[in-house]
Each structure stands twice: as C-alpha cells, then as structure tokens.
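Any value given below was found using the heavy atoms of this structure, including those in side chains, with hydrogens, waters and symmetry copies removed.
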Protein chains: 4
Amino acid sequence: MTSPASSGRRSRRSHEATLAAAFELATEVGYAQVTIEGIAARAGVGKQTIYRWWPSKGTVVLEAVNEKVGSGIDFRSTGDVIADLTGQMSAVVGLLNTEMGDIFTGLIAEAQSDPVLTEAILDTIVRPRTRECADLLKEGQRLGQIRDDVDLDAAVELLYAPLYYRLLLRIAPLSTDHVADVLALAFRGLRP
Amino acid sequence: MTSPASSGRRSRRSHEATLAAAFELATEVGYAQVTIEGIAARAGVGKQTIYRWWPSKGTVVLEAVNEKVGSGIDFRSTGDVIADLTGQMSAVVGLLNTEMGDIFTGLIAEAQSDPVLTEAILDTIVRPRTRECADLLKEGQRLGQIRDDVDLDAAVELLYAPLYYRLLLRIAPLSTDHVADVLALAFRGLRP
Amino acid sequence: MTSPASSGRRSRRSHEATLAAAFELATEVGYAQVTIEGIAARAGVGKQTIYRWWPSKGTVVLEAVNEKVGSGIDFRSTGDVIADLTGQMSAVVGLLNTEMGDIFTGLIAEAQSDPVLTEAILDTIVRPRTRECADLLKEGQRLGQIRDDVDLDAAVELLYAPLYYRLLLRIAPLSTDHVADVLALAFRGLRP
Amino acid sequence: MTSPASSGRRSRRSHEATLAAAFELATEVGYAQVTIEGIAARAGVGKQTIYRWWPSKGTVVLEAVNEKVGSGIDFRSTGDVIADLTGQMSAVVGLLNTEMGDIFTGLIAEAQSDPVLTEAILDTIVRPRTRECADLLKEGQRLGQIRDDVDLDAAVELLYAPLYYRLLLRIAPLSTDHVADVLALAFRGLRP
DNA sequence: TAGTAAACGAGACGGTACGTCACGTCTTACC
DNA sequence: GGTAAGACGTGACGTACCGTCTCGTTTACTA
C-alpha cells in the first residue's frame with residue numbers, strides 16, 4: 001500500500017479525508033454502491049488526488065478498513081489452544097456481523113477481477129493472520145494439544161475456510177456457536 | 001430460473017443463442033468483462049429479450065453454466081466414502097481449473113451485491129450438491145466410516161469450504177493433492 | 001383514409017375503440033406522448049390491428065379528430081362576408097383553444113417528416129375548408145364586398161395564415177379580437 | 001442559449017465540432033433523422049458533453065443554424081418600403097428553399113412539444129426579426145407609405161404568416177413571385 | 001350446420017435511441 | 001506545484017417504442 005503522507009508533498013488532510021469518506025460511504029450505502037466520485041465529493045478532494053495514491057476504489061476501502069480494525073482481532077496465547085482459537089474466531093465473527101461484513105465480502109468480490117486488490121488483501125489481512133494463527137497452532141503442538149504431523153497451513157485453512165464459506169455463499173449466519181461447532185469437528189475429525 | 005420456452009410464447013432460438021453467447025463470452029473475455037449488450041450482440045438478440053427472461057447478467061451466465069456442467073460432477077457411492085469423496089471433489093477441482101473457475105468466482109463475486117443471484121446459486125448449485133454429499137456421508141455413517149454423532153451439514157462445510165477458500169482468496173492453486181490433504185485432515189482431526 | 005368497417009371482415013368495435021382511445025390519450029397526456037402501444041392497450045386492441053388499417057399514429061389521431069370535429073366549423077353565408085368570416089374564424093379559434101389545439105399542432109409537427117400525413121391533413125382539412133372559404137369570398141366578389149381582381153386562394157391564405165402562425169410559433173394566444181384585427185387589416189390593407 | 005466556452009471551463013473544440021456535426025447531419029439525412037448519438041459520434045464527442053451544454057437536439061441544431069445563417073437575411077432600408085420588404089422576404093424564401101427549409105420546419109415541429117425550444121426559437125429568430133421588420137414598417141409610416149393607424153406587430157404577422165403557412169402546410173412551394181403577390185395583396189387589401 | 005379462413009388480442013421479437021452513471025484522463029484556476 | 005473542481009471521451013446501463021412476427025381464439029361466411 002502506498003503511504004501518501006510520507007512520499008508525496010502536501011497531503012495529510014486529503015489522505016485522511018479520503019479514507020474517512022470511503023469508510024463512511026461503504027457503511028452507509030453498501031460497498032457496491034461506493035464510487036470514486038462519491039468518495040472524492042464526500043471528502044472534498046479531487047478525483048485525481050485519489051487516483052494519485054490508490055489504483056482503485058477497492059484499495060482505498062481496504063486501507064480504510066485496515067486502519068479501523070487495527071489490533072481488535074489479534075490472537076492471544078493462554079496455553080489452551082482451543083480456547084484461544086475460540087476467542088479470536090469469535091471476535092472475527094463479531095466483526096463480520098457488523099457493517100464490516102458487507103465491506104469485507106465486497107472487497108473479496110472485487111478482488112476476483114482485480115489482481116492488485118487480491119494481492120493487497122492477502123498481504124494486509126490473510127497472510128499476517130494466517131501466520132499468527134499458525135504460530136498459535138505450533139504452540140499447540142508443543143503443548144501436545146495438536147498432532148505433530150499436521151501441516152499447519154492446511155490446519156489454518158480447515159479452521160477458517162468454513163467461516164468464509166458461510167459468509168460468501170450466505171449459507172447461514174455466522175455465530176459463536178458455529179465457531180464452537182467448527183472447532184469441535186475439526187479437532188475431533190469425522191472418523192469414528 | 002425462468003424457463004422462457006414454456007412461460008411466454010415463442011423463444012427457443014433466442015433462448016439458446018443467449019445462453020451460448022453468454023458462455024462463450026465469459027470464457028473468451030472473462031466473466032467481469034461480459035456485458036448484457038455484448039451477449040445480445042453476439043446472440044443476435046435484442047437486449048429487451050434478455051431482460052424479459054433474466055433479471056441480470058449473472059443469472060444468464062449461471063443458467064448457461066448449469067446447462068454446460070450438467071451431471072459431470074455427480075456423486076457416486078461405492079462403499080468407500082473417502083474414495084467417493086476424493087472422486088467427486090477431484091472432479092470439481094478439475095472443473096474449477098478450467099475457464100469455468102473464473103466464471104464461478106465471477107458469479108459468486110456478483111452475488112455479493114445481488115440477493116437474487118445469491119439465491120439462484122444456492123438453489124441450483126450449492127444446496128442440491130450439499131444434499132447429495134450429506135446423503136453420501138450418511139451412508140458413510142451406516143457403514144461405520146464416519147462417527148454417528150457428526151452433524152452432516154457441518155461436515156459437508158468442513159470438506160468443501162477449503163476449496164472455495166483457496167479459490168476465492170487465491171491462497172494457492174487447487175489440485176488433487178490438496179483434495180487428498182483436506183480429506184485426510186478432516187477425517188483424522190487435529191487432536192493427537 | 002382507409003375505411004376499415006367496409007373493406008375488412010370483422011372490425012367495427014376495434015375501429016371505434018381505436019379512434020376513441022387515440023383521442024382520449026391525446027387529450028389526456030398530450031399528442032406527443034401518445035404511442036401506438038398506448039392506443040392499442042387502451043383500446044384493448046392488438047397493435048397489428050392498428051397497423052392493418054392506419055400507417056402511423058398521426059393518421060389514427062387525424063381520423064379521430066375529424067370524426068369529433070365534424071361540421072362544427074362550417075361556413076355560413078348571410079350576405080355579409082366579413083361577418084361570415086368572423087363567425088367561422090372565431091369558431092376555429094375557439095376549437096384551437098381547447099385541447100384540440102395541442103392535437104392540431106402535434107399533427108402538423110408530425111407531418112413535417114411524414115408526407116403521407118401531410119397529404120392526409122391537406123385532403124381532409126386544409127383543402128376542403130380552403131375551397132369553402134374561397135367560395136364565400138367569390139360570393140363576396142359577386143356582392144361587391146371584395147375586389148374583383150383578387151386571387152381568391154391567395155386571399156384565403158392571407159386570412160388564415162396569421163392564425164396558424166400564432167398557433168405554431170406561440171407568438172401570442174389566439175382570440176376573437178385577434179380574428180377581428182386580422183380581418184380589418186386584410187380588408188383595408190397597409191397602404192394609406 | 002448556453003455559451004459553453006465561457007460558462008464552464010474548457011470546450012472550444014467539442015463545442016464547434018458538435019455544432020458542425022449537427023448541421024452536417026441535418027442537411028445530409030434530414031432533421032428528423034438526426035439523433036444525439038449520431039451527432040456525438042460524428043463530432044467525436046461524448047453524449048454527456050452534449051447534454052452538459054444543451055438540453056435537446058433541437059437546441060443544438062438551432063444554435064448551429066443561427067451560426068450559419070448569421071446576418072444573411074438582415075433588413076435594409078432604402079426609402080422604398082415595399083422594395084425593402086421584397087428584398088428581405090425573397091432572401092428568406094431563398095434560404096428556406098435550400099436544405100435549411102427542412103431544418104427549419106423540423107425545429108418548429110419539435111418546438112410543438114418542447115417549450116424550451118419554442119422559447120429559444122422565439123428569442124433567437126422570431127422576435128429579433130419581428131422587431132427589425134417593425135422598425136422598417138415604422139420608417140414606412142414616417143415616409144407616408146403605410147397607414148398611420150396600422151398596428152405594426154399585426155402587420156408583420158400579416159406579411160410573414162403566409163410564408164410559414166405555405167412552408168409548414170406544404171400548400172405550395174415558396175417563390176419570389178409568391179412574395180410579390182403577398183405584398184401586393186397585403187398593401188392593397190381585399191376591399192374594392 | 002359444420003368447416004374454414006380471416007381478422008383479431010396478445011405480446012415476443014430484433015432494433016434504435018434515449019438520458020444517466022461512473023469510469024479514468026486531462027485541463028484550468030487557485031492557494 | 002500540488003490541489004479542488006470538474007469537463008472530457010468512453011462505454012454500459014435499463015427503458016421505451018418502433019414495426020414485424022407468431023401464436024391461439026374467435027367470428028362469420030361458405031359449402
């Protein structure tokens with residue numbers, strides 16, 4: 001992600017106003033209805049200024065989202081892996097059940113036809129958290145709560161994928177109960 | 001999905017030409033670049049004729065896709081649940097690794113801001129196959145290959161979600177090996 | 001004008017309903033907003049039926065108008081030419097100041113790009129009344145109220161043109177006073 | 001009429017290209033067949049750019065016409081009113097007998113259902129020339145060639161209306177002879 | 001009195017143009 | 001010299017009607 005404040009000359013206000021406007025609009029009218037023109041108008045900023053620092057509306061909104069979310073859904077390690085996972089995943093679910101859910105699905109949708117945005121999402125969201133989660137699972141292996149021969153990246157996918165699946169395909173609403181069910185099933189396995 | 005030929009009066013040629021054009025364009029230029037105008041022009045059909053029978057480009061393409069795929073990825077029951085699952089899921093992966101993959105992700109992307117399309121996807125793809133898969137798992141329970149207390153719908157999600165997750169987030173390419181890994185992990189579980 | 005009732009087979013009701021619908025719509029929404037589809041729908045008649053008997057919406061409305069107007073604006077001869085002219089022209093002005101005025105200007109407007117309609121208007125309205133008026137003027141010559149060497153067709157134009165001029169260019173509203181002014185000026189001439 | 005070059009920011013090329021295209025198309029295919037899309041395509045200009053500066057095709061063509069005609073049909077005062085009128089009216093007739101005639105009738109036709117265009121035509125064509133003509137007639141009164149008690153606006157209508165009448169109702173072609181006849185009749189009057 | 005052909009209502013069809021929206025680029029005037 | 005403002009060419013949108021073309025379904029004349 002470009003960092004306007006540092007690289008360019010005069011910017012600060014425009015930069016912040018743009019991100020704020022993008023986030024507000026996304027929550028007010030829904031991600032799909034947000035336009036660059038709308039952001040510029042709301043922010044009191046020229047369109048060109050936005051295009052100077054971001055390549056697409058998706059990357060603007062992504063930066064705004066990342067700024068808002070901050071460290072609200074970090075992992076915590078207490079020695080009980082399942083409890084730690086339940087906590088973090090429940091926090092994620094809580095977040096996705098706010099207006100943030102629509103913004104998230106909107107970003108992923110847009111990323112399907114925008115490789116730059118795809119990469120940005122992976123870089124700023126997916127990979128960092130995957131790494132954190134994998135670290136937690138590794139700690140779980142050390143503590144004997146997870147099999148030693150499990151591929152940790154695959155395990156992370158097994159745990160998180162069901163959340164995205166329900167979210168993107170609208171199978172059913174996400175909930176804390178669902179998180180518990182997924183964890184229980186993933187840890188125990190299907191086999192008798 | 002509306003069935004033009006039956007409900008209104010005449011159609012056949014227009015109906016088929018529209019679906020064919022939609023599918024061809026989607027594979028040629030990519031789902032996101034397909035437009036109703038493009039479909040109409042390619043099919044030699046008036047735009048209004050398309051709007052008469054489908055509410056959006058998404059539903060047109062979905063119908064075209066469903067027609068093409070047909071029974072190519074049905075389930076088969078041989079008495080070995082893991083083998084049956086491996087077979088069907090590998091077929092799905094094979095399909096998603098063709099141009100069909102892009103069309104699929106395009107449809108799901110569009111569905112994020114189009115409830116009608118969401119419902120159509122669930123109705124024609126997700127729910128039917130979920131049911132088939134659940135039936136297979138139930139057979140697995142009868143044969144003692146799956147625990148009796150497993151919630152089958154949750155199990156289906158656990159198996160398929162990782163595929164969609166990789167596909168939509170571009171974590172990594174799908175492959176037969178990946179299918180095997182997911183199945184092994186899901187059956188065995190993370191617990192030591 | 002085609003005469004549906006006689007030539008074709010079964011028709012009467014459709015014929016009348018079409019004319020009635022055309023006239024009603026023209027007065028309700030304005031001539032320019034009338035469409036063949038609208039007439040057909042209002043009349044409970046198929047579009048094809050309209051196209052079978054009339055070549056354009058203009059000719060339909062023209063026939064409807066002619067039927068309505070009937071003999072309401074005929075000439076009368078009393079021996080006082082100026083009085084007779086005043087009477088007839090005032091009747092015309094009265095008619096043009098109703099919704100009929102808009103229909104009339106609409107027809108003339110459409111006729112600018114439709115030679116068939118032009119001819120129909122000339123045939124059913126302009127030429128018959130021009131002839132009647134010329135006859136009246138000839139009677140005026142016989143009575144010594146009009147110069148013998150005046151070209152009667154030119155005289156008719158001199159009298160009626162100012163009405164159409166005001167009507168079509170919206171110079172000013174038509175009125176009985178205006179009729180009197182025009183007649184006075186035309187009879188007296190500009191010369192001292 | 002809006003003046004693009006001045007009010008908004010940039011324009012010149014688009015403005016001129018639009019007017020040129022509008023005029024060319026009107027003369028080539030006929031006023032009624034001109035479309036905004038056609039003008040935009042011919043001018044190499046976006047449709048929106050046209051809609052930004054003009055409310056309808058009529059006003060575009062009107063501006064193009066006014067620009068072309070310029071001062072070609074102004075009045076001249078030589079001391080002989082009838083000669084001056086004959087000269088100007090013949091010039092008008094000459095103009096209306098070119099492709100300009102069709103454009104003119106097209107504009108007036110369109111104005112029947114477009115008050116904005118009506119006003120524009122009155123403002124840029126009818127009222128200015130009516131005033132010029134009235135001034136000439138007033139000079140005629142001063143010179144004793146026209147009665148003192150004649151209402152000049154009514155007189156202008158009496159002279160010009162027959163031209164429009166013939167033009168719009170296609171009674172007969174316009175000609176210099178016709179102009180002479182109208183003037184002779186209008187000056188002499190119908191009375192013996 | 002039944003059979004049949006036309007005219008009929010309904011409305012789908014391929015088109016054309018509409019007027020609007022947002023895109024991403026470009027230009028101008030201001031601070 | 002970076003900005004806001006917004007004009008520009010472009011291209012797609014979804015809508016309205018056009019005039020033509022099937023569809024069954026009535027009639028009303030013939031045989």
Side-chain angles (χ1 to χ4, degrees), chain A residues 4 8-11 13-14 17 33-41 43-57, chain B residues 4-5 7-15 17-18 33-41 43-53 55-57, chain C residues 4 7-15 17-18 33-41 43-57, chain D residues 4-5 7-15 17-18 33-41 43-53 55-57:
Chain A
R9 194 69 61 94
R10 174 163 97 250
S11 149
R13 191 209 79 90
S14 306
Q33 276 63 54
V34 174
T35 65
I36 295 268
E37 298 207 332
I39 296 172
V45 143
K47 279 183 356 175
Q48 199 59 253
T49 301
I50 296 180
Y51 281 111
R52 202 176 344 261
W53 303 118
W54 294 276
S56 62
K57 101 173 182 190
Chain B
S7 62
R9 203 64 58 92
R10 182 177 71 222
S11 174
R12 267 300 282 278
R13 193 214 78 92
S14 306
H15 182 58
T18 300
Q33 275 63 55
V34 174
T35 64
I36 295 266
E37 297 209 331
I39 296 171
V45 140
K47 279 202 299 183
Q48 200 63 248
T49 299
I50 297 181
Y51 283 111
R52 192 159 17 239
W53 303 116
S56 62
K57 99 171 184 193
Chain C
S7 59
R9 196 71 60 90
R10 173 168 94 251
S11 142
R12 266 298 280 280
R13 191 210 79 89
S14 306
H15 181 59
T18 301
Q33 276 62 55
V34 174
T35 64
I36 294 268
E37 298 207 331
I39 296 171
V45 142
K47 281 191 337 179
Q48 199 59 254
T49 300
I50 296 181
Y51 282 111
R52 189 157 18 239
W53 303 115
W54 295 277
S56 62
K57 99 173 184 192
Chain D
S7 60
R9 205 61 61 94
R10 180 174 75 221
S11 171
R12 266 300 280 278
R13 192 212 79 91
S14 306
H15 182 59
T18 301
Q33 276 63 56
V34 175
T35 64
I36 295 266
E37 297 209 331
I39 296 172
V45 140
K47 279 201 299 185
Q48 199 63 250
T49 299
I50 297 181
Y51 282 111
R52 192 160 15 242
W53 303 115
S56 61
K57 99 172 183 190

Side chain of [X] - closest among [options]:
X: B:Thr35; options: E:dC21, E:dG9, F:dA12; value: F:dA12
X: C:Thr49; options: E:dC23, F:dT20, E:dC8; value: E:dC8
X: B:Arg52; options: E:dA12, E:dG14, E:dG9; value: E:dA12
X: B:Ser14; options: E:dC13, F:dA5, E:dG9; value: E:dC13
X: C:Lys47; options: F:dC13, E:dG11, E:dT25; value: E:dG11
X: D:Ile36; options: F:dC18, E:dA22, E:dG19; value: E:dG19

- Task: Assign C:Gly38 to base, sugar-phosphate, or nothing according to its heavy-atom contacts below 4.0 angstrom with the strands shown.
- Result: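 C:Gly38: no heavy atom of the nucleic acid under 4.0 Å.
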
- Item | Interatomic distance, A:Ile39 CD1 vs E:dG24 C1' [rounded to whole Å] |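 After rounding, the gap between these two atoms is 14 Å.
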
- Please name the pair of heavy atoms, one in D:Ala43 and one in D:Ala17, separated by the smallest distance, quoted to 0.1 Å.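 What the structure gives for the nearest pair is CB-O, 3.4 Å.
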
- Task: Mind listing the closest non-hydrogen atom pair of B:Gly46 and B:Ala40 along with its distance?
- Result: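 Scanning both residues completely, I find the closest heavy atoms to be C-CB, 4.3 Å.
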
- Are any of the side-chain heavy atoms of C:Trp54 and C:Ile36 separated by less than 4.5 Å?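 No, their side chains stay 4.5 Å or more apart.
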
- Query: Does any non-hydrogen side-chain atom of B:Ile50 lie less than 4.5 Å from one of B:Ile39?
  - Reply: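 They are in side-chain contact.
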
- Message: Heavy-atom nearest nucleotide on DNA chain E for A:Glu37 versus D:Gln33: which residue maps closer to 5'?
- Response: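 Mapping each residue to its closest nucleotide by heavy atoms, the 5'-most match is D:Gln33.
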
- Where each residue is assigned the nucleotide of DNA chain E containing its nearest heavy atom, which of B:Ala43 and C:Ala43 is assigned the position nearer the 5′ end?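 Its nearest nucleotide lies further toward 5', so the answer is C:Ala43.
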
- Query: OP1, OP2 of E:dA7 versus side-chain N and O of C:Arg13: anything below 4.0 Å?
  - Reply: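 For C:Arg13, the contact criterion (side-chain N or O under 4.0 Å from OP1 or OP2 of E:dA7) is not met.
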
- Query: Under 4.0 Å: is that the gap between some side-chain N or O of A:Trp53 and OP1 or OP2 of F:dG2?
  - Reply: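 No, because none of the side-chain N or O atoms of A:Trp53 sits under 4.0 Å from OP1 or OP2 of F:dG2.
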
- Please figure out whether D:Gly46 or B:Tyr51 has its closest DNA chain F nucleotide nearer the 5' end.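 By nearest-heavy-atom nucleotide position, the 5'-most residue is D:Gly46.
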
